[in-house]
Amino acid sequence: MTYARQKVGHALIGARQWIPEEQIDDPTKSARMRLPDDLPFATKGQIAAGLVSDTHSDGIIADFVTGDEVYGASPDLRRYCEQNKQGYVLRVAKTFRITLGADTELTCKEVIKKLLKRKRDWSIYSAGTGSKGDRLYAWAWIATKSSSHSLLIRRHITTGECAYHYCYIPENQTATLHRLVTATGLRWPVEECFEFGKDYFGLDQSQVRTHRSIKRHTILVLTALAIFAVIAAQQRQTTDTQAPPPTSPNQTPPPDPGLIPLTIREIQRLYNAATTRPAPAWLTTHWSWWRRRHQARARWFHQRTRLALARNLKLAQLNL
C-alpha cells in the first residue's frame, strides 16, 4: 500500500504477504515456511481491505482508495470501503457490469457502444503532470442508479484504448470529475514505489524464505524508502531551481535549465557516495548537478512538445 499526496510525494506504508491456499493447507510447505498455525487464507482483495482498515485505525484517512483490476473486482474491498464511508476509484474489467437508471444493466464496454458514440461525449483532461508535462486523456463520466456510484472511463488519445474505473463517493465528499481524474492519476505511484524498493533498497533481493524473515526484510525496506521519501519531500522546494516551464510550442529554450529537485534516487546515490565509495566530495556533487541539470533540460523540451499536442487537441475539439 502506498500513501500519495499530490505535488508532495509518496511512499509505501503497509504490506502483507499473499500466500496461496495450497501452501497454507500443505503441512510440509507450511512447516518449511514457518507459517503461523492460525494463519487463514485471504484473497488479495481481503488483504487490501485489512490494510485499509489498519490505516484507518492509525488515523490515516485518504480521500480515495485506488487500485487495479484485481482490487476493483473484489467485493470485500468495495464493501469495507462503502461501510466505512471511504471513497474509492478502482479499475475494473471491460466485462464489469453496472446498473444505470431504469434498471438498465450494461457492461463497461457496452456503455461505450451505446452511450458514448460521439466525440463530443468525451472531454480532454490531464491525469496529472509528469516529467514530460501533462498526461492528457479523453474522459467520460457515467452516472449509475446509485447516487454514490459512477463509472469513469479513460481513453488513450492516440491508441483509443480504454480503461474503466468504478467510483464510490460518500455523501460527505464533493463529487466532481476533476477529483476523480486526479485520483485516477495518483494510482501510478505505487508502481514507482515498487521500482524504488526493488532497485534502490533491495525489496526483491533477499534470500530469506520463512514467513517472519520476509516480513522483517519488507518492513526494513519500507522504513528506508519512507525516510528517503520524507527527505525528498522536505527538500523539494529548496532544491528545485528549474527554469519556468514553456508556455508555447515555439518558445526558445532557456540558456540555463536549472536543476530538478532532489529525488529519492539522487538522494540514495549521494548517500551511497558519502558512506561507501571513497570518491571526492567535489566529484560526487559535480555528477549530481550534471544529472539534475540534464534532466531539467530534457523535461523542459518534453513539456514544450506536450504543449503542441494540447493545442492540437483543443483545436480538434473546437471543430467537432
Side-chain angles (χ1 to χ4, degrees), residues 4 6-7 63-73 87-101 104-146 148-169 173-192 245-249 299 301-320:
Q6 191 180 23
K7 299 180 181 180
D63 288 340
F64 294 102
V65 170
T66 63
D68 59 22
E69 291 184 15
V70 172
Y71 303 102
Y88 62 70
V89 180
L90 297 172
R91 182 89 170 259
V92 293
K94 62 183 179 182
T95 55
F96 186 83
R97 305 188 73 84
I98 63 172
T99 303
L100 306 179
T104 303
E105 190 174 291
L106 299 173
T107 65
C108 294
K109 188 175 182 179
E110 290 172 341
V111 168
I112 293 181
K113 292 182 178 180
K114 294 189 177 183
L115 303 179
L116 303 171
K117 299 178 181 179
R118 303 169 300 176
K119 289 184 178 180
R120 67 183 64 180
D121 295 328
W122 300 85
S123 300
I124 305 296
Y125 287 100
S126 171
T129 303
S131 61
K132 299 181 181 180
D134 287 330
R135 295 176 287 144
L136 297 174
Y137 294 93
W139 302 86
W141 190 22
I142 306 298
T144 68
K145 183 180 179 181
S146 167
S148 300
H149 295 82
S150 58
L151 178 67
L152 180 66
I153 305 175
R154 186 194 71 193
R155 189 177 69 183
H156 196 281
I157 293 174
T158 304
T159 65
E161 182 180 1
C162 292
Y164 310 93
H165 305 85
Y166 192 54
C167 309
Y168 168 71
I169 304 179
Q173 288 199 36
T174 304
T176 65
L177 177 58
H178 175 72
R179 295 188 75 227
L180 295 179
V181 169
T182 301
T184 304
L186 287 176
R187 196 198 69 82
W188 65 269
V190 69
E191 305 296 342
E192 193 173 73
T247 56
S248 68
R299 179 176 294 184
F301 278 97
H302 283 307
Q303 290 173 341
R304 190 177 68 172
T305 302
R306 288 287 177 91
L307 286 175
L309 173 62
R311 183 181 64 180
N312 293 335
L313 289 173
K314 290 180 180 178
L315 291 174
Q317 280 190 306
L318 291 173
N319 294 329
L320 290 179

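Source: prediction; values computed, not measured.
Within 6.0 Å of OH in Tyr137 there are more than 12 heavy atoms belonging to other residues, nucleotides or ligands. In the displayed structure, Glu161 atom CD is contacted under 6.0 Å by at most 12 heavy atoms of other residues, nucleotides or ligands.
Distance CD/Gln173 to OG/Ser148: 10.5 Å, rounded to 0.5 Å. Rounding to the nearest 0.5 Å gives a distance of 9.0 Å between CD of Glu69 and NE2 of His165. How far OH of Tyr168 is from OG of Ser146: 8.0 Å, rounded to the nearest 0.5 Å. Between the NE2 atom of His178 and the OG1 atom of Thr182 there is a distance of 3.5 Å, given to the nearest 0.5 Å. Taking NZ of Lys119 as the reference point, atom CD1 of Ile124 lies at 10.5 Å (rounded to 0.5 Å). Rounding to the nearest 0.5 angstrom, the gap separating the CD1 atom in Ile169 from the OH atom in Tyr88 is 10.5 Å.
Closest approach of Pro246 and Gln303 over heavy atoms only: CD-OE1, 3.6 Å. In this structure, Cys167 and Leu152 approach most closely via the heavy-atom pair SG-CB, 3.8 Å. Residues Arg135 and Gly185 approach most closely at NH2-O, 3.3 Å, considering heavy atoms. Shortest non-hydrogen contact noted between Ser150 and Trp141 is OG-NE1, 2.9 Å.
The shortest distance between side-chain heavy atoms of Leu100 and Leu115 falls below 4.5 Å. Leu151 is listed as a side-chain neighbour of Cys108, based on a closest heavy-atom distance under 4.5 Å. Side chains of Tyr164 and Ile112 form a contact here, defined as non-hydrogen atoms less than 4.5 Å apart. Residues Ile142 and Leu116 have side chains in contact (heavy-atom distance under 4.5 Å, counting atoms from C-beta outward).
Although no hydrogens or angles enter the test, the distance criterion places a donor-acceptor pair under 3.5 Å between the side chain of Glu110 and the main chain of Thr107. A donor-acceptor pair under 3.5 Å is absent between the side-chain atoms of Trp139 and the main chain of Val181, judged by distance alone. Distance alone, capped at 3.5 Å, places no donor-acceptor pair between the Arg187 side chain and the Thr66 backbone.
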Kindly determine whether Phe64 and Leu180 satisfy side chain to side chain contact (heavy atoms under 4.5 Å, CB included), including the steps that lead there. CA-CA 9 Å; Phe64 294 102; Leu180 295 179; 4.0 Å; yes

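Taking the six-membered ring for Trp and the full ring otherwise, the centers of His149 and Tyr166 sit less than 6.0 Å from each other.
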